[in-house]
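One structure is given here, and the rest of the page talks about it.
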Protein chains: 2
Amino acid sequence: MAARPTMKDVAKTAGVSLMTVSRVVAGEAGVAPQTAARVEEAIRALGYQRNDIARNLRRKAQDSRTIGLVVDDLANPFFSALARSVEDEAYRRGFLVLVGSTNDDPRRERDVVSAFSARQVDGLVLVPTGGNRAFFRAQMARGVKVVCVDRPATGLDVDCIAVDNRAGTATAIRHLLNHGHTRIAYLGDRQEIWTQHERFVGYTEAMTAAGLEVDSLLIRHGLRGHREAAAAVADMMAGPNPPTAFFSGNDLVTLGAVEAGASRRFALVGFDDFVLADKLDPPISVVSQDPAALGRTAAQLLFGRIDGDDAAPRSVVLATRFIDRGSGGMAVPPAGGVG
Amino acid sequence: MAARPTMKDVAKTAGVSLMTVSRVVAGEAGVAPQTAARVEEAIRALGYQRNDIARNLRRKAQDSRTIGLVVDDLANPFFSALARSVEDEAYRRGFLVLVGSTNDDPRRERDVVSAFSARQVDGLVLVPTGGNRAFFRAQMARGVKVVCVDRPATGLDVDCIAVDNRAGTATAIRHLLNHGHTRIAYLGDRQEIWTQHERFVGYTEAMTAAGLEVDSLLIRHGLRGHREAAAAVADMMAGPNPPTAFFSGNDLVTLGAVEAGASRRFALVGFDDFVLADKLDPPISVVSQDPAALGRTAAQLLFGRIDGDDAAPRSVVLATRFIDRGSGGMAVPPAGGVG
DNA sequence: ATGAAAGCGCTAACAC
DNA sequence: GTGTTAGCGCTTTCAT
């Protein structure tokens, strides 16, 4: 049951004033070695540990040395890799990390951030859902530093770090076009998610630039998770006028496409690299980004802000890397009418 | 810059006493509707949000409604799936989750848990490194509830939830034996990790029960991550007297073995299921456990303790499931001297 | 229905 | 060197 002992208890046991204990615990100079020893002894005897919460309440520098990390889904390998690198940066600086998943639900995002803020977090690394604009503005007005990662927060003046989703996608689509594909399906998660929207724009632009119409029957949005993706792919493959190639808008959708067997009979290129992509038959070509680098950079930006950097908001765009493993060349369609 | 407004500020703006504000914010009865409205208005105008940290300092029920989650590596899919389910359980109950990775380093574990405890966490879901016995005992004496998951904390009287690693491994080894293999290599992470030790015991017992000697040249411990595992496997395959089958002690080691090409030429069975295991050539047979179920159960146990359950420590063992996908039958050795 | 005083565990500022 | 006083933002207790 055990109430946690306080400085008062230690002071009584050591026969000194509370202030002397405070000094010893804080490692301040100006305490006689003898006295300090007595205090240390009492600390050990009672199993005392400082209450950092009470400490922060009174300290001049009103920083909680805690940040919040809010992602879409902590179980998703992309976000968990990002989370780990944020946590590593925090650990190096003696900060703690509160985590929360939004599940892409603005209400849960608001709940979580609200609770973080009530706990006086110094800053937030945020993969925003897109909602809660006014709410975040209020948080920032209260002094909470915010850095967005993976997606910008529309309408918010904050640092943001993400990859060039359009360019990355366009590269992938051109790769498929170069292999002779023209009926290229697009499979993505909810269009309201900024990355998904950007990737779809990249797809559309690349198609249009090649003089091709975008066939709406080959477009599927809103695929949450690999199961839904696999079902959609199976559907399309069995349909009357199937595509010859698939582009998948994130790792989970790619996974679903592979599960549905798309890569064995059709060309497939996905956004996000994933474990064992090179060991599949065929190996899957991907647009690769580095979640750990995103997390690290985001954390560094955030800690800069917490340390007082008040320059204008920065927007960092990292390049993607196209990894050609061959799956874009599958099932090359017969040479058609073109020259 | 923005100092966060306090109840005092709200009280002044609304022209009431601080106590009235406290009552409105807490949703207590006994405030005249008119007064409450004035307070609400001031709250909105100032963007006030209660400081839960100061609140908890004074409250009778001294619970921070925060738990700590400490895993080996948050980026590992096994632990991130576990983390997500712990977080979901916490969210349902209005608790916050602090996370930390130990990297299997007792010093970092101690750092992290110490910082959590100084922040007055109510409880800890812990994947213990194995060290810090006395330290944890002290934490528990201070009233911090602890539940171990994936591994028990040796020498600590706490709830623990894990799978039957020995039985699961023995099943996998017997599967290989039944396919005629006798030279079965064991590849594991650091033996000091309880799960790895247990799995190795399971391996040894199954081999011995079959009347086979364990060849120390076929044993490799201490493989951290897929890279080291791949190197070890490549080494063994190129050696003078290679095994005919491999057993890998966790998901990352299995991954390394696949990367090294072990499954194409030799039999391979791994502990832990992984994404796309069934899409590889050959599909990989595994001993599967459910990390989300582990996390959920651990969280439920912990919240039970926090809610006052002080029954004797429970130990929950979940069964594993062997999934035969064929990779255990690869490269069946020629019938030897036996009958 | 509202407020004043005390105090949670700690540190800042100032004594001595 | 050590102790005293005040107060961080809030809730508890008791008064009015």
Side-chain angles (χ1 to χ4, degrees), chain A residues 2-40 42-43 46-65 115 117-122 142-143, chain B residues 2-40 42-43 46-65 115 117-122 142-143:
Chain A
R4 317 193 189 196
T6 71
M7 277 194 183
K8 210 168 149 188
D9 301 323
V10 175
K12 193 182 300 180
T13 306
V16 297
S17 86
L18 193 158
M19 202 48 225
T20 301
V21 179
S22 173
R23 290 198 177 98
V24 171
V25 171
E28 278 176 23
V31 178
Q34 273 200 44
T35 320
R38 283 227 312 292
V39 172
E40 304 271 23
I43 287 176
L46 297 179
Y48 171 76
Q49 187 179 17
R50 180 172 59 197
N51 181 338
D52 276 353
I53 278 182
R55 171 185 164 85
N56 284 329
L57 193 59
R58 189 63 179 93
R59 265 158 52 98
K60 197 79 234 177
Q62 281 265 46
D63 58 333
S64 64
R65 300 191 77 75
S117 173
R119 292 302 204 297
Q120 312 301 103
V121 293
D122 297 327
R142 299 177 65 249
Chain B
R4 317 194 189 196
T6 71
M7 276 193 182
K8 212 166 147 188
D9 302 322
V10 176
K12 194 182 298 180
T13 305
V16 296
S17 84
L18 193 158
M19 205 41 231
T20 302
V21 179
S22 173
R23 290 196 178 101
V24 172
V25 171
E28 278 176 23
V31 178
Q34 273 200 44
T35 318
R38 282 227 312 293
V39 172
E40 304 273 23
I43 288 176
L46 297 179
Y48 171 77
Q49 187 180 19
R50 182 173 59 198
N51 182 337
D52 276 353
I53 278 182
R55 171 185 164 84
N56 283 330
L57 192 59
R58 190 63 178 88
R59 263 157 54 98
K60 198 77 233 179
Q62 282 266 46
D63 57 333
S64 64
R65 299 191 77 76
S117 174
R119 293 302 203 297
Q120 312 301 104
V121 293
D122 297 327
R142 299 177 65 249

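All chains are named by letter (A, B, ...) in the order of the sequence lines, taking the proteins before the strands, and each is independently numbered beginning at 1.
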Write down the distance between [atom1] ([X]) and [atom2] ([N]), rounded to a whole number of angstrom.
X: B/K60; N: C/dC8; atom1: NZ; atom2: P; value: 9 Å
X: B/M7; N: D/dG9; atom1: CE; atom2: P; value: 12 Å
X: A/R58; N: C/dT11; atom1: CZ; atom2: C1'; value: 6 Å
X: B/D63; N: C/dC8; atom1: CG; atom2: P; value: 18 Å
X: B/K12; N: C/dG3; atom1: NZ; atom2: P; value: 15 Å
X: B/L18; N: C/dA4; atom1: CG; atom2: P; value: 10 Å
X: B/I53; N: D/dG9; atom1: CD1; atom2: C1'; value: 11 Å
X: A/N56; N: D/dG7; atom1: CG; atom2: C1'; value: 16 Å

* To do: Find which nucleotide of DNA chain D each of B/E28 and A/T20 is nearest to by heavy atoms, and output the residue with the more 5' nucleotide.
  => A/T20

Can you tell me how far [atom2] of [Y] sits from [atom1] of [X], rounded to the nearest 0.5 angstrom?
X: B/M7; Y: B/T20; atom1: CE; atom2: OG1; result: 10.5 Å
X: A/L57; Y: A/N51; atom1: CG; atom2: CG; result: 9.5 Å
X: A/Q120; Y: A/R65; atom1: CD; atom2: CZ; result: 16.0 Å
X: A/L18; Y: A/R23; atom1: CG; atom2: CZ; result: 10.5 Å

* Under 4.0 Å between a side-chain N or O of B/T6 and OP1 or OP2 of D/dC8? -> no

* Taking OP1 and OP2 of D/dT11, is either one under 4.0 Å from a side-chain nitrogen or oxygen of B/R55? -> yes

* Asked: For DNA chain C, whose closest nucleotide is more 5', that of A/M19 or that of B/S17?
  -> B/S17

* Spell out yes or no: do the side chain of B/R23 and the base of C/dG3 have one donor N/O and one acceptor N/O closer than 3.5 Å? => yes

Candidate nucleotides [options], ranked by approach to the side chain of [X] - the nearest:
X: B/S22; options: D/dT11, D/dG9, C/dC10; value: D/dT11
X: A/V16; options: D/dG3, D/dG9, C/dT11; value: D/dG3
X: B/A32; options: C/dA1, D/dC10, D/dC8; value: C/dA1

* Determine whether more than 12 heavy atoms belonging to other residues, nucleotides or ligands lie under 6.0 Å from atom CD of B/E28. => yes

